[in-house]
Amino acid sequence: MATTATSLTAFTAPPATSATAAHTAPADHSAPAPRLRVSTAYELPGDRVYPEGIAADPCSGRLYAGSFETGAVYRMTPGHRVAETFLPAGTDGRHTANGLKADRAGRLWVTDSTKGVFVYDLRTRRLLARFDVTGNDPFFVNDLVLTPDGSAHVTDSVRNVVYRVTPAQLARAQATGGRGRLVTRFDLAEAVPPPTDEVPYALNGIAAGPGGRYLVTVDMTGGGLYRLDPVTGKVSRVRLHGADLRNADGLETAGDRLWVVHNTDNALSRWRLNHDGTEARQEARASDPGLQIPTTLVRERGTLFVVRSQFDKGGPMGPGTPQTPFTIAAVRGL
């Protein structure tokens, strides 16, 4: 999976297909683009970080970021500009850290695209459990979201499925040696456009609607958004108004609002979901080169904290020299 890992976020989608256009309203350019206010919130130590994921601890207010390049995880504390290393590179055999989420039980969930999901104790930094992908087919474990019932839902960008880890599965893994396996909850292989040799990736970011009544996940290559029903397991396409979601990476929700990172576009967009998550309308979109190939975001205290990956500066997107230190941006105005 090394080749796969180096090209996933770097992919730029092809022109929209007729299938995409049929589900997406024409772009609305009547409203002026908002002016983003981008500043540096935190610095990450190291010259090969290439960060990708970010999480907010709902109890302490601290942020955590993961390194795509090494698997290290960094902890950021409000009032302190420079982050500390929380989990060193290579911890527990991980050599990448993609999606991150922290829960109210004091646990940090970290995805490794080549292995699965690792769960850590935020207080002791101890590995509590890990869940591995099974089967011989190629896979790429990407992003995850936690729902109010304590479950984690995890996207696989190659198999185009969403795995689920329930509290019962976590407890069972902890009681039996700390190992478990990822089980598919949603299969989107027939819903998203079929993969090709040139474009083997689709699912990327995932987020939860109000109260966890539904989930939404994005097809970064086809530009579609999909609604997942946690109760029935049903998958349906969200009707988009105003634009599509090509090159979409991380997602963040608050109530009926959805924020989206568009990585290779150096852009952020904001959407309004209807009451049941079956439709979404783009309210605003803005780009800024200072986002430095953003991969995901988290919203805290009215501010968007955005990961600046710099994947195009000697990382998975091509040769070059990154600007160091790597940073997390604070973005306002969207």
With side-chain contact (heavy atoms from CB on, under 4.5 Å) as the criterion, how do N98 and V141 come out once you've worked through the C-alpha distance, each side chain's angles and the decisive distance to 0.1 Å?
CA-CA 8 Å; N98 300 74; V141 181; over 6 Å; no
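- N266 is listed as a side-chain neighbour of P294, based on a closest heavy-atom distance under 4.5 Å.
- The shortest side-chain heavy-atom distance between R94 and R130 does not fall under the 4.5 Å cut-off.
- Using a 4.0 Å cut-off between a side-chain N of Lys or Arg and a carboxylate O of Asp or Glu, R179 and D132 qualify as a salt bridge.
- Across every non-hydrogen atom of T184 and F186, the tightest pair is CG2-O, 3.6 Å.
- No side-chain heavy atom of V110 sits less than 4.5 Å from a side-chain heavy atom of Y64.
- Here the closest heavy-atom approach between residue G205 and residue T217 is recorded as O-OG1, 2.9 Å.
- Contact check for V331 versus L291: side-chain heavy atoms found under the 4.5 Å cut-off.
- Salt bridge absent: D92 and K115 never bring a charged side-chain N and a carboxylate O closer than 4.0 Å.
- Counting heavy atoms from C-beta on, the side chains of L127 and V119 never come closer than 4.5 Å.
- Side-chain contact annotation: Y226 with D219, donor-acceptor N/O pair under 3.5 Å absent.
- At most 12 non-hydrogen atoms from other residues, nucleotides or ligands lie less than 6.0 angstrom from CZ of R181.
- With hydrogens and angles ignored, the 3.5 Å screen pairs a side-chain donor or acceptor of T155 with a backbone N or O of D143.
- In this structure, F131 and W109 have parallel ring planes: the angle between them is below the 30° cut-off, well short of the 60° mark.
- Contact of the L203 side chain with the V162 side chain is registered, since non-hydrogen atoms from C-beta on lie closer than 4.5 Å.
- Checked against a 6.0 Å centroid threshold, the rings of Y74 and Y42 do not count as neighbours.
- For the pair Y120 and L128, the minimum side-chain heavy-atom distance is 4.5 Å or more.
- For the residue pair D249 and N204, a side-chain donor N or O sits within less than 3.5 Å of a side-chain acceptor on the partner.
- In this structure, a donor-acceptor pair under 3.5 Å is present between the side chains of H262 and S269.
- Salt-bridge check for R239 with E279: failed, with every basic side-chain N at 4.0 Å or more from each acidic carboxylate O.
- In this structure, the side chain of S67 engages the main chain of T70 through a donor-acceptor pair within 3.5 Å.
- For the residue pair R164/S151, the side-chain donor-acceptor check at 3.5 Å is not satisfied.
- Between L225 and L258 there is a side-chain heavy-atom pair separated by less than 4.5 Å.
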